[in-house]
Amino acid sequence: MAGDSREEAPFAFNGLDRIFHERARLGIVTSLAGQPEGLAFAQLKRMCGLTDGNLNRHLAVLEEAGFISIHKDLTNRRPLTTCRVTPLGRERFVEYLGELEQALRQGARAATGSVTLRPRTT
Amino acid sequence: MSDVQQAIAQIADIRAQLAASTRFRGYAPEAVGMIGLLSLLVVVMQIVWPGRFAASDWQIAITWGLLLAGGCAAIAIEAIVHTLRENDGMASPMLFSAMRLVLPAFAVSAAVGGAVLTYAPQVTWILPGFWQMMIGFVAFASYSSLPRNIIWPAAWCLLSGAVGLFLAGHHGSLTPLMAGGPIVVGHLAIAWVISDKERIPHGG
């Protein structure tokens, strides 16, 4: 049970999906999050400050996980690559954000000394 | 603001962005459809018994005002209950995103309606068309979080509301069909569009 494991290991943060938990990929998914129609490859590259090769590599990781979909079309006889977040990606990203927020809050509480760590009795 | 607080605020911003672009499934098509059917009943009653239910522009306008306000409240309550029942991380931002569109439009409609009915009853003929246009405005504004086909009922509401306004102005008064016809069609069309079970209409 998620709740039980959280009580047993409050700092495990198992929900911090490694696929999202990478600076470039976090930037990519965040850029796409508010774009229901998706973003063109060139726009995404500009927004995330990545090179073609880097962006391609990270998009491949996200696509393989099923978190984004990549569509290749021809617009005005020019190839246009559009990336969108999939429903699965959206769902997992929401979970990731929840976990990240919790990690930050716990970190803040620990820093102010309001979290007490009890040794395990087992 | 500390770094942590700033990061938490950024997470809230990302959630808000996601909420604004995620299909909002809180609006119950059954509730919207019921308002459409109830509106149809009102139109029929006003046509069949005009002396009793459509004796004046004021009576027609107040009937539609109360019906639309009640309908709006029923849809909002249903949306809040339905969304909170889903209990995922997006419930609150999605509700906030939807209410951010609906509540100001409701407030404008209520304020203008109240002012006209109270202080300028001679121009109550503008109200049904105006309210219909506000429904179209909200439907257009909700495009990113509703099925794409919402643009058709939205366009209908906006255009029929505008045409209704000019017709009522030209005619000098309201008729039951002029006031209620567009509202009936608009609500039934919106109910049909939001009954689309497609999980996420955009992307993916």
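Protein chains get the first letters and strands the later ones, always in sequence-line order, with residue 1 at the start of each. All values below were derived from every heavy atom in this structure, side-chain atoms included, with hydrogens, water molecules and symmetry-related copies excluded.
Within a 6.0 Å sphere centred on CE of B:Met99, other residues, nucleotides and ligands contribute more than 12 heavy atoms. In B:Phe137, the CZ atom is not crowded: 12 or fewer heavy atoms of neighbouring residues, nucleotides or ligands sit closer than 6.0 Å.
Using a 4.5 Å heavy-atom cutoff, the side chains of A:Glu101 and B:Arg15 are in contact.
With rounding to the nearest 0.5 Å, the separation of CD1 in B:Ile14 from OG1 in A:Thr30 is 4.0 Å. Summarising the geometry, atom CD belonging to B:Gln10 is positioned 10.0 Å from atom CG belonging to A:Leu104; distances are rounded to the nearest 0.5 Å.
Partners of B:His171 by ring pair (Phe, Tyr, Trp, His ring centres under 6.0 Å), not counting sequence neighbours: none found. With sequence neighbours left out, the side chain to side chain donor-acceptor pair (under 3.5 Å) criterion links A:Asn54 to A:Arg57.
Note on B:Leu18, B:Asp13, B:Val4: by heavy-atom pairs under 4.5 Å with chain A, the leading option is B:Leu18.
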